[in-house]
Structures are given as C-alpha cells and as structure tokens.
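As a basis for the values below, the full set of heavy atoms in this structure was taken, side chains included, without hydrogen atoms, waters or symmetry mates. Chain letters run A, B, ... following the sequence lines, proteins first, then strands; residues in each count from 1.
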Amino acid sequence: MTGPSGPVILSSMENLESYARERFELNRQKQTLKEQQQQRLTVTYNGGLFRVDMTLLNYLYMKNANAGLFNQSTKCILPDSYDTPIEIDCVELVELCDARWNEVHNDWYNQFQELKTKRRAGDVEV
Amino acid sequence: MKSRGVLILYSESNQLDYKRLADLCARLAEYYLKVPVTIIKLTPKKKGRRVFKYENLELVTTEWNNGGRYSAYDLSPYDETLLIDADYLIQNDNLANYFGSDHDFLCHNKSWDVTGLDQLNIDESMSYNKFKMRWATVVYFKKSQHAKNIFRMWEKVADDYEYYSKLIGFALAPFRNDFCLSIAHQVCSGYCNTDTFSHDLPSMTTVNKLIDYGNKNWLIWYSYRNKENVIRYSGDLHVMNKRCILETDLYDKLWNSV
C-alpha cells in the first residue's frame, strides 16, 4: 500500500494516522477546488441565468441534433436556474455553455493535476 | 442602455483602515467586472463594537460601524447596482453575469468556508428558532419597486432593531446588517427562498489568515485539531480577517495584481 509520502507501514499506528490525515487534507483541497470551479459554471442568456451542467448540455446537443436530422426548430423555452421560463435558441446557448464548460474544466483539471503532487502544507504555493 | 456599477459603502474605524480596504476592493471590482465603481463614506448614527477572534486565538474588540447600508438604494447612481462590502475582494467576472438579468434584488442565502472547515455553518440561521440567514456582503439590485421595498424594510428593521431582536430571537449586540437584510428580504419575498444568488458566498473567517497571493491564487492558513495547514483557493473572497491584508504586504500584491 502506498501513501502520499511513500509506502504505508500498516502496523504503525503513527503512520496510519499521518496517512489518514494526508488523505483527509487532500479530500478537503479537492472539495474546495470543486466548489471554486463550480461557482463559475453559469452563463447568462436572454435575461436568464443558466447553470451549465451535463443535463443542460445533453438537452441542447440533442435539440441541435434533432434540428439537423429532422428539421425541428432550434428555438424553445427552457426554465433557467431561477425557474424563470426563457426563450432560447439552442445553437446560441450551446455555444456559450460549451465554451464555459471547457474553460472551467480545463482549469479544474490543471489545478487538480498540480494538487495531486503537493500534499504537504509546505509544498503548496500560489 | 441602463447604467451599471458597483457601490462600496464604508465607515471609519479606529482599528482598521476601511478607506484603504475600500480602495483596493474598488480597484479589483473595476478591473474584473469592467464597470464603474462608486465609494461612499457613511457616518453611522451610533458607534458599535464587536469582538473578533483571530488566528492566534487573540480576542480583539473592534469598532463596528456598519449602520446605514440601507441607504444604498438612494445613494446608488446606477440603474443596476452591485453593492459589495469593502472586504469582499473580486477575482473574476462571475458577478457581472447578473447585470442585465431579470432579477430586481439578489443576495446570498448561504456562505461557505473556503478552507472546508465548515466554520460558517452556525450562520445558516440567525436565531435559535432557525430564522434563515441572508448575507448583506454582496447585493445586486435594480432601481425597482421591489428592491425599494426591501431597502425600506431594511431601514425599518435597523431603526427598530431591539424590537426585532426580541421578536425573532437574536442577540441585540453587535448590530448586524445581515440580520436586518434577512428579515427584510424574507418578509418581502413572502418567506420564500427566492431572490438569492445561485452560488454561495465564498468566505474566510477571522481565525484563518491569508499568507500569500499570486497568479490569482490565495494561499490561506488554517488550523485543524492543532495541526497547521494551508489551502490554495482562487476566486472571489470575503475576507473577514481584514488585518491580514491591511497589516502585511498582501495589500500591495493585490493592488499591483491588476
């Protein structure tokens, strides 16, 4: 079994405790990273505020695919994060959502990769 | 085109240089949100005090002059205003999303501790009978009848603070704008959980401190079960421990970052 600071000797309670603490801190940092990135996952469109999530992206992609395949309209009404019905154009909104999704997730990924290698307090820097 | 801008209200204190903090806050807001900023100094009718516990567990009694924020509606020169506290430091354009939205008034209904220690969970409600808390740190409002009603009610609660403290069941001192806003907002929203931001208020309590800033990242020191640690965070931050900015070189780092 390998811990963040090398192999974990399971018979040593001291090492186990330090391993548990390091895992705890990593999970805390991971959670903070998630929260800070998720608050950026919003876009405004036509007076409404939409939280960009997989459900919204899926719906928009599906509407656009149907529009292309079956000549359906790209316009529809969607409730925003505040349950206010907003008239949207799926092509326009998916562009906005896709751009925001990629921007946030790229940052999230890069910061997480860096975080994985820095688990001691002294290693973390701005 | 409706005018949009940020409004920062502050009052002077003997212990902390709020004017300096407001200048920094304005500089960051102007840069990230790309809207004009107005800073107005308020002279409260009466002075208050509040005890803060700092990172070294030191208890410090500070002048706490936060009355008069309800006058923001009349003081704001903008059609759409983002009213922010001087200790709320903006780091991205997230709040700019709300300009042009359909909402008349928005505030936070939840604050989250960026260190992950959940030290603000006691502030989810403001009284023993679980009256739900709202935060006056960041408020978006439009010049509209609904927003005006909330600010008028806010003023009324502030004027009759003792009465409401007994009615709702919260401590009379220190005076808190959050409590006034909570009551006004709940009454004017029909006690529904509406008119709130879609994200929580990112905050750092006074028992934690900022130790560094660079590349749009904060480095925050915290202690958990007597073990010291740091966490890196990027994004807007409500810095309750104002001393760690005003009394260190962090102020200049932030000032020169934009």
Problem - When B:Thr196, B:Asn92, B:Asp200 are compared by non-hydrogen pairs under 4.5 Å with chain A, the top option - result: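 Heavy-atom pairs under 4.5 Å are most numerous for B:Thr196.
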
Handout entry: Most contacts with chain A, counted as non-hydrogen pairs under 4.5 angstrom, among B:Gly235, B:Ala96, B:Ser234
Key =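 Going by pairs under 4.5 Å, I would pick B:Ser234.
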
Separation of [Y] [atom2] from [X] [atom1] (nearest 0.5 Å):
{"X": "B:Phe197", "Y": "A:Leu49", "atom1": "CZ", "atom2": "CG", "result": "10.0 Å"}
{"X": "A:Tyr82", "Y": "B:Leu106", "atom1": "OH", "atom2": "CG", "result": "5.0 Å"}
{"X": "A:Gln36", "Y": "B:Asn217", "atom1": "CD", "atom2": "CG", "result": "7.5 Å"}
{"X": "A:Asp80", "Y": "B:Ser101", "atom1": "CG", "atom2": "OG", "result": "9.0 Å"}

Looking only at non-hydrogen atoms, find the nearest pair between [X] and [Y] and report the distance.
{"X": "B:Asn94", "Y": "A:Arg40", "value": "OD1-CA, 4.0 Å"}
{"X": "B:Ser198", "Y": "A:Arg51", "value": "O-NH2, 3.3 Å"}
{"X": "B:Val230", "Y": "A:Gln29", "value": "O-NE2, 2.9 Å"}
{"X": "A:Thr32", "Y": "B:Gly116", "value": "OG1-N, 4.2 Å"}

Exercise for the section: Give the member of A:Leu33, A:Asp83, A:Thr42 that has the highest number of heavy-atom pairs under 4.5 Å with chain B. Expected result: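 Heavy-atom pairs under 4.5 Å are most numerous for A:Thr42.
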
What part of [X] gets closer than 4.5 Å to chain A, counting heavy atoms only: side chain, backbone, both or neither?
{"X": "B:Asp102", "value": "both"}
{"X": "B:Leu95", "value": "neither"}
{"X": "B:Trp218", "value": "backbone"}
{"X": "B:Thr115", "value": "backbone"}
{"X": "B:Lys216", "value": "neither"}
{"X": "B:Asp212", "value": "both"}
{"X": "B:Tyr213", "value": "backbone"}
{"X": "B:Ile211", "value": "neither"}

Handout entry: Within 6.0 Å of NZ in A:Lys34, more than 12 heavy atoms from elsewhere
Key = no

Problem - Within 6.0 Å of CD in A:Glu87, more than 12 heavy atoms from elsewhere - result: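 Atom CD in A:Glu87 is not packed in, count stays at 12 or less.
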
Exercise for the section: Apply side-chain contact (heavy atoms from CB on, under 4.5 Å) to the pair A:Arg28 and B:Tyr222, showing each step before the final yes or no. Expected result: CA-CA 12 Å; A:Arg28 190 206 300 285; B:Tyr222 66 91; 3.1 Å; yes

Can you tell which part of [X] gets under 4.5 Å to a heavy atom of chain B, answering side chain, backbone, both or neither?
{"X": "A:Phe24", "result": "side chain"}
{"X": "A:Thr84", "result": "side chain"}
{"X": "A:Gln111", "result": "both"}
{"X": "A:Gln31", "result": "neither"}

Handout entry: A:Glu114 with B:Arg232: basic N within carboxylate O range, under 4.0 Å
Key =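 Yes, A:Glu114 and B:Arg232 are salt-bridged.
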
